[in-house]
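Contents: one structure, followed by commentary.
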Amino acid sequence: DQQVKQNSPSLSVQEGRISILNCDYTNSMFDYFLWYKKYPAEGPTFLISISSIKDKNEDGRFTVFLNKSAKHLSLHIVPSQPGDSAVYFCAASADAGAQKLVFGQGTRLTINP
Amino acid sequence: SQTIHQWPATLVQPVGSPLSLECTVEGTSNPNLYWYRQAAGRGLQLLFYSIGIGQISSEVPQNLSASRPQDRQFILSSKKLLLSDSGFYLCAWSVQGAPVAFFGQGTRLTVV
């Protein structure tokens, strides 16, 4: 049972344009959502997060949007840069202090010059 | 600052051999510790987590076990590896009560 889904295994975007990565979840108990970025042969690094009491959180070029009614979140990167090429995972937890994260399958983002 | 060390980076082991992966965290006390696995083409799956010394919770039935002999040390073990144990293993830590997990560099395990 995949509680967190990233339906696009890959995404290709031109440098300077906006990258939009999507994530859907099924568990209505999730109340905290995170995005991680992963380079090959490395561990994921935390990128940005959002609590369910918000619908938007912004940090520099990265913005996460949460639509609770649709159980959908998205990560916007603008402008996209070549260094953004990586695999992006969304993750969710059932309480803000949870010890466990449920991850999606990941989306490979490629930024083309 | 906090750092997490995980070793080895790569490992090739024959079927039926034992396994021991070690993870240590520096710069923090009483962290939550986790072992995740990423199988080929799949997301990260939580295998074990620990909220304190000797306290281990298993998320999925499997051929692996975990131990936490010290506050900042987390060990993943197997007595006899299976081919299906191949994957990318990641250790992570978080502050008690906080949801953000910080990951180690990972170990690529290939069972042959």
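First the proteins, then the strands, lettered A, B, ... as listed; each starts at 1. Just so we're clear, the structure is a prediction, and the values are computed from it rather than from any experiment.
- A:Arg17 CZ: 12 or fewer foreign heavy atoms inside a 6.0 Å radius.
- Between chain B and the residues A:Gly43, A:Gly106, A:Ser49, the largest count of heavy-atom pairs under 4.5 Å involves A:Gly43.
- Hydrophobic clustering (side-chain heavy atoms under 4.5 Å, transitive across Ile, Leu, Val, Met, Phe, Trp, Tyr) keeps B:Leu11 apart from B:Ile75.
- Contacts between A:Ala91 and chain B at a heavy-atom distance below 4.5 Å are absent for every atom of the residue.
- For the set A:Gln6, A:Arg108, A:Gln105, the entry with the most heavy-atom pairs within less than 4.5 Å of chain B is A:Gln105.
- When the side chains of ILVMFWY residues are joined at heavy-atom separations under 4.5 Å, either directly or via intervening members, A:Tyr39 and A:Val87 end up in two distinct hydrophobic clusters.
- Enclosure of atom NZ in A:Lys5 is not indicated, since only 12 or fewer non-hydrogen atoms of other residues, nucleotides or ligands lie within 6.0 angstrom.
- Placement of B:Leu76 and B:Ile53 in two distinct hydrophobic clusters is found when ILVMFWY residues are connected by side-chain heavy-atom separations under 4.5 Å, directly or transitively.
- A:Pro44 approaches B:Leu44 most closely through the heavy-atom pair CG-CD2, 3.9 Å.
- Only the side chain of B:Gln38 comes within contact range of chain A, with heavy atoms under 4.5 Å apart.
- Here the closest heavy-atom approach between residue B:Tyr49 and residue A:Lys100 is recorded as CE2-CD, 3.4 Å.
- Between the NZ atom in A:Lys38 and the CZ atom in B:Phe103 there is a gap of 10.5 Å [rounded to 0.5 Å].
- Between the B:Tyr34 side chain and the A:Leu101 main chain, no donor and acceptor come within less than 3.5 Å of each other.
- If you measure heavy-atom distances from A:Tyr36 to chain B, the contacts under 4.5 Å come from the side chain alone.
- By the rule that hydrophobic residues join a cluster once side-chain heavy atoms approach within less than 4.5 Å of another member, B:Val95 and B:Leu33 end up as members of one cluster.
- A:Phe65 and A:Leu11 fall into different hydrophobic clusters, where Ile, Leu, Val, Met, Phe, Trp and Tyr residues are linked whenever their side-chain heavy atoms come under 4.5 Å apart, directly or through other members.
- Ranking B:Gln105, B:Gln45, B:Arg108 against chain A, the residue ahead of the rest is B:Gln105, based on heavy-atom pairs under 4.5 Å.
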